[in-house]
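Given the structure is predicted, the values throughout are model-derived calculations rather than measurements.
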Amino acid sequence: PLDCPDCTMCCNSQQECDVTAATTRFGTRAAAGVGLVSGFLCLVVLASLLRRQRKELQEYLSAESDAYDTVGKNSVYCFFLSNSITAWVLAIVVLVAQVICF
């Protein structure tokens, strides 16, 4: 037997020739198929994670909590929730002082 993978016709010393059928190489097709399936699965996982994160965010935002309870009623940061310019200035001064100290 002759080992000639790239030949289309193989002949022996007696001029007896044998036509070989074209061989199909599945390596690139298999790699492309695995890549497509892997990419699709990654997209499904990503979409699932984004959906879960969005659902958790909606549940958090729709919770029956008051902003003052979240920040703290006795905290200086509750001044950021007001419409008063004086309260905002005081909150910013305290925030800058904390940044400088820590």
(request) Drop me the distance from L90's CG to T86's OG1, to the nearest 0.5 angstrom. (result) 9.0 Å
(message) Is there a path of hydrophobic side-chain contacts, each under 4.5 Å between heavy atoms of I/L/V/M/F/W/Y residues, joining V93 to I85?
(response) yes
(message) Tell me whether F40 shares a hydrophobic cluster with V45, the cluster being built from Ile, Leu, Val, Met, Phe, Trp, Tyr side chains joined at under 4.5 Å.
(response) no
(request) Using a cut-off of 6.0 Å, state whether more than 12 heavy atoms not belonging to L49 lie near its atom CG. (result) yes
(message) Under 4.5 Å between side-chain heavy atoms, counting indirect links through other Ile/Leu/Val/Met/Phe/Trp/Tyr residues: same cluster for W88 and V96 or not?
(response) yes
(request) Look at atom CD of Q98 and say whether more than 12 heavy atoms of other residues, nucleotides or ligands are closer to it than 6.0 Å. (result) yes
(message) Quick check: is V44 connected to L36 through a chain of hydrophobic side chains (ILVMFWY, heavy atoms under 4.5 Å apart)?
(response) no
